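This one's a predicted model, so the numbers in the text were calculated from it and none came from an experiment. In this chain, numbering begins with 1 at the start of the sequence shown.
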Amino acid sequence: QVQVVESGGGLVQPGGSLRLSCAASGSMFSINGMGWYRQAPGNQRELVATIRSGGSTNYADSVKGRFTISRDNAKKTVYLQMNSLEFEDTAVYYCNADVQLTRTRKDEYRYWGQGTQVTVSS
């Protein structure tokens, strides 16, 4: 069973910073893509940033230049450094991991964390 657990959310003032972490654990062969999504009340879940195992990244236009995604493959952990936070960044942030469970089966399975709340407020 694969588990994905986020941490690091909280309350921050506009212009402040937060760092989210997400660790995957359990029986797996490899983790390919990892990413962060967010969902604000009344909105659909939207992509924030993704990172492949080789390090290539992708960002939503709204966070480019402010957020940085990184990962530690040995620790099966992905991070999201969020700077210059804005009111509009308030949301529940979800992490996902695209996992290959065994060496012989190339299928990927997406696992989600339970989410961590980020609130930007003065």
Using the rule that Ile, Leu, Val, Met, Phe, Trp and Tyr join whenever any side-chain heavy atoms are under 4.5 Å apart, tell me whether Ile69 and Val63 fall into a single cluster. yes
Measuring from atom OH of Tyr93 to atom CE of Met82, what distance do you get when rounded to the nearest 0.5 angstrom? 5.5 Å
Just jot down the ring-ring contact (aromatic ring centres under 6.0 Å, His included) partners of Tyr37, sequence neighbours excluded, or say none. Trp112
Tell me whether Gln100 contacts the main-chain N or O of Thr102 through its side chain, where contact means a donor paired with an acceptor under 3.5 Å. yes
Residues two or more places apart in sequence or in another chain: which of them pass side chain to side chain contact (heavy atoms under 4.5 Å, CB included) with Glu46? Arg38
Do Ile51 and Val78 have side-chain heavy atoms sitting under 4.5 Å apart? yes
Pairs where residues 27-61 contributes a residue and the test disulfide (SG to SG under 2.5 Å) is met, not counting sequence neighbours: none
How would you list all residue pairs meeting side-chain hydrogen bond (donor to acceptor under 3.5 Å, both in side chains) that involve residues 64-80, not counting sequence neighbours? Asp61-Lys64, Arg66-Asp89, Arg71-Asn73
Pair up each side-chain donor or acceptor in residues 115-122 with any protein partner under 3.5 Å, not counting sequence neighbours, and list the distances.
{"unit_1": "Thr116", "atom_1": "OG1", "unit_2": "Gly9", "atom_2": "N", "d": "3.2"}
{"unit_1": "Gln117", "atom_1": "NE2", "unit_2": "Ala91", "atom_2": "O", "d": "3.4"}
{"unit_1": "Gln117", "atom_1": "NE2", "unit_2": "Thr119", "atom_2": "OG1", "d": "3.3"}

Just list the side-chain donor-acceptor pairs under 3.5 Å for residues 12-32, sequence neighbours left out, or say none.
{"unit_1": "Ser17", "atom_1": "OG", "unit_2": "Asn83", "atom_2": "OD1", "d": "2.9"}
{"unit_1": "Asn32", "atom_1": "ND2", "unit_2": "Glu108", "atom_2": "OE2", "d": "2.5"}

Applying salt bridge (charged side-chain N to carboxylate O under 4.0 Å, His left out), name anything that partners Arg105, two or more places apart in sequence or on another chain. Asp107
Check whether any side-chain heavy atom of Trp36 lies under 4.5 Å from a side-chain heavy atom of Glu6, and answer yes or no. yes
Contact between Tyr109 and Val2 at the side-chain level, heavy atoms closer than 4.5 Å - yes or no? no
First locate atom CG of Asp98, then atom CE of Met34, and finally report the distance between them rounded to the nearest 0.5 Å. 9.0 Å
Applying ring-ring contact (aromatic ring centres under 6.0 Å, His included) as the test, list every pair that has at least one member in residues 1-28; sequence neighbours left out. none
Side-chain heavy atoms under 4.5 angstrom apart, residues restricted to Ile, Leu, Val, Met, Phe, Trp, Tyr: same cluster for Leu47 and Val92? yes
Side chain to side chain contact (heavy atoms under 4.5 Å, CB included) assessment of Arg45 paired with Tyr94: CA-CA 9 Å; Arg45 190 173 297 189; Tyr94 297 90; 3.5 Å; yes
According to disulfide (SG to SG under 2.5 Å), does anything in residues 59-88 pair up with another residue at least two apart or in another chain? List the pairs. none
If you define the side chain from C-beta out and look only at heavy atoms, does anything of Tyr111 sit under 4.5 Å from Gln3? no
